[in-house]
Amino acid sequence: MESQKNLMKCTFCAFQCFDETSYNRHYVKKHRLEEDFSVKCALCATRDGNEVQYNNLTSFKSHLQRSHGSSKNYTEHLFVTGSSSRNSTSGTLSVPASEIAIGQSQLTASSSAFSWSSSTFPSSAASECATEHIQIATSGSGGSGNISSTVTCEAEEHVEEVQVNLPNRSDSEDDAGVSEECWSGSESESDSALGDNKTSAQQAENQDSPNLKWQSAKFLLSLREEALVSQSAVNKAVDGIDELFANYSESIKEHLMKGRDPESGTISEEHIRQTIAKFQENSLFSDVDSKKKLDSFSKQYCTFIEPQKVELYKEEKTDKSGKIRVKTYNAYVCQFLPGLKRLLTRRDILECVDNPLENTEGVYRTYQDGRNAKTHPILSDPKNLGIQLCYDDLEISSPLGPVKHKLSLYYWTLANIHPHLRSSLKAIGIAAIVNHSDIMKCESSGTAFTSLDDKYHMHCKVLAPFLNDIKLLEQGIKVDLNEEETREFKGTLQSVTGDTPAVAVLGGFKESVGPAHKPCHLCLADHHEMKAIFNEDCFEKRTEENRKIHLKSITDAKTMKERQTNSTATGYNGPSCIAGLDSFNQISCFLYDTMHIILEGVLPAHMRLLLDYCVNNKHVYSIKEINEEVKSLSSQLSPEDRPAPIKIEHLQSSLRQSASQMLRLATLLPIFMASKPEIEDRLSNFSLLLRITYGLLCYELTDAEIEKLKRMIQSHHEKFMVDYPDFDITPKFHYMIHLPSQIQEFGPTRYTWSMRYESMHSYIKNIMRIIKNFKNPPKSCSYRYESLRACQMFIAPGEKPQNYLVPKDSFTGVKVMKLKEYSFSYLVTPILGNPNLLIKSCGKLLTKGVEFSVGSVVLLKRDKPPSLGEIKGIVTYEEITLLIISKLQCEQFSCLSNSFCVLTPPNPDYTVTFTQNLAFFRPLLKLKYKQLELIVPKYHNLVLDYSE
């Protein structure tokens, strides 16, 4: 009998066995899609000890093909690593070529074609093993030999030998080549007989393989080339089909075992043939083989929430036959409350709601630290839900012609989600989608709107279902978290964000700032004051009292001309579209967006003037030299954020960079321009603007730092007017002075800006490229979005909701070794204790959406100068991850290049720390320029320590 210490138990289910092969095969078949599934390459481990971990079989097979020439027999070169309860040391998985193969016209009874295991357990272990074996053999002649069979299937308690008696067959049917005598002797003799017939079984398998391989290749090529899907989509399809057929085989196996005679333990050939016929009659996709069936299944069994159609207006048109037809224009609303309830059932989302970040007085990390939340009747309870709304327009083009379609999109986000999870697009929900042209038409005439109220009414109709749900949320909603627990949640709309025109439209302000005498929606500054005064305290603020007076002057106007005059004078078009929410501030809750104001406004304007000054006035650089310097530095950055080349004509118009590219370009320019004393005066003010940008995008700020930001903004604007007197100051320069106060009201601007919402636009664009149907884009996009969320939150029967946003820590460049063999063992051993532990040395770590790698520079302590260190090693053991840090010698901060120059000491001082103990949970930007190592502390308030 096997020793109890060799019993291997599955950590995902109740399965247990003594056999390594059975355990690994069960693990791959049953749990390959589990969250904690992981495997390693046995070939790499044997060759050089480098055990790279893979979290899905697709990437593992790609590695075998790329590194070892073939991925055909991938199961032979695989270590199971997802289960911590394995006691086996070999770790090598060997699975038969076929789990079960049932022919179209005949039943093949060879060990390779109809078997669930290539070996049997000893009889002494039968009472303790958790699998059941049935072996199949056919007679070698056409005589009266019976088929004696043993098939492996999962059982709960023991193993028993089951005989399957089948009628005689002719010689032509018995080409499996296993004789009856193979099973009459001892177990070792049976194994020997199986080995003698292995060649013939392989030959039979190889005869069938080419046709199956050809059919498989044809299907995948058709999917990729005719359906025009990406290779990653093909890989996902292959992985899903493998899993589907594994489950299909299990269904066949279970149905076969239902026909077993309980007394004799036999399975009749008639039952086997009936089983085959039953499964051949019904397609795997018979219930979901059309769009209608698939959508119906998704609505009935998944978490699909059908979008609602909201009528905007009707229009009468006369067709060619003279008949009058009525056309209805609709918006499509994704139901907010059902979507919120679905989101709250996920474990990680609920964890964020129940465990808000710690609040420190005078420190702003989340919206809950802002004055608006602290004084709010609902949001003052940090466990109540804060909802953020974003409105933006998106232009999509039809591939069939020059016609362009513009969509109006309304997004929402649960602001309680912790900051490190908010960047995921899965955290963004769609509230409504509508054709922009439908909003721009007058309800009565169907023509371009002629009244200030027309667009307002359209937005109110689109937002009505969302706002009604918000009102219900304010009163409290009940959410079924599971079959046993129901909880009540309260919440409300926390803020509205977007670009300046979008926020102005929803807030009832003048959309175009040019005609308005008072274009700012936070203060009553006019155009002349906005260009001359840069202190927020010098302006009269908009309040609820003067708002009511201004709106009354508009609504009481007797003529349209009088109303337009009053609208231009006050900066209001009319009431806000966000109506009926008593706790929502109709002035301050409409936020200015850092991305549009700075990254697409002030920063590119200043940068363009500086480049023009360097190239055309001082002639210290040519455009070619600037592009070469930028290209050299940007090669150290990720490819997606590298700035585009600058052309000479861009200096007179626009630099043609995206928002992220603009920030990268602004970071790189001072690095090499700091060496030119001719432009030092102009460059110093641009570097000040860059530090302001970093400060406004910090992950946390204090009251003192916010006050410093206000002074820095005023200093920059005043110096900018002196340097470039001919430049016409735009309203965005004025809006910028309100951003520090906005942080004190609603928390860091990086959590309220529209950068991530605009990233969601890419999903809408990709959907339209795929469906190629521009008849009704709002309907198509809203249904596909809800289908996506239903897929991402799919819960199979009997399963519990898992995490939705929290990513699992991943490691690359992994090497497994004993702790005592590690080069920095003297640092790690005091923490882990046992020097014989098997640890993993990693080259790169991805945790909480942040990537740390060997060579990254991190902030250890915020001093003057700060304590910086370079990561020399990453060690992980079970749930513990340690960073080996080499302390750097930090020189004085350069205000021109916005960077520290660091040196590696001749005798490095090493230390070890946890990632959560870092002073800043992100690596700092490291750049090498002319033999210098420069560290740029962007997005950290460290940059504010060296201003003024």
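Under the 30°/60° scheme for interplanar angles, the aromatic rings of His940 and Phe920 are found to stand perpendicular. In this pair, Tyr757 and Tyr411 present their aromatic rings parallel. The plane angle is below 30°, not in the 30 to 60° band.
In this structure, the side chain of Asn766 engages the main chain of Ser762 through a donor-acceptor pair within 3.5 Å. Formation of a donor-acceptor pair under 3.5 Å by the His376 side chain with backbone atoms of Thr492 is not found in this model.
Residues Arg784 and Ser787 bring no donor and acceptor atom of their side chains to less than 3.5 Å of each other. At a cut-off of 3.5 Å, with distance as the only test, no side-chain donor of Thr752 or Thr749 sits close to an acceptor on the other residue.
Counting all heavy atoms, side chain and backbone alike, Leu385 lies closest to Asn416 at CA-OD1, 3.3 Å. Minimum heavy-atom separation, Leu421 to Cys352: CD1-SG, 3.8 Å.
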Exercise. Under the side-chain hydrogen bond (donor to acceptor under 3.5 Å, both in side chains) rule, what do Gln792 and Arg789 come out as? Steps first, then yes or no, please.
Key: CA-CA 5 Å; Gln792 292 171 336; Arg789 289 294 181 259; 2.7 Å; yes

Exercise. Please assess Asp703 against Tyr364 for the test side-chain hydrogen bond (donor to acceptor under 3.5 Å, both in side chains), listing each intermediate value before the final yes or no.
Key: CA-CA 8 Å; Asp703 279 322; Tyr364 302 91; 2.6 Å; yes

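Note on Lys926 versus Glu870: salt bridge recorded, some NZ/NE/NH1/NH2 to OD/OE distance being below 4.0 Å.
By the 6.0 Å and 45° rule, Lys872 does not stack over the aromatic ring of Phe824. In this structure, Arg750 forms a cation-pi arrangement with Tyr939, its terminal cationic atom sitting closer than 6.0 Å to the ring centre and no more than 45° off the ring axis.
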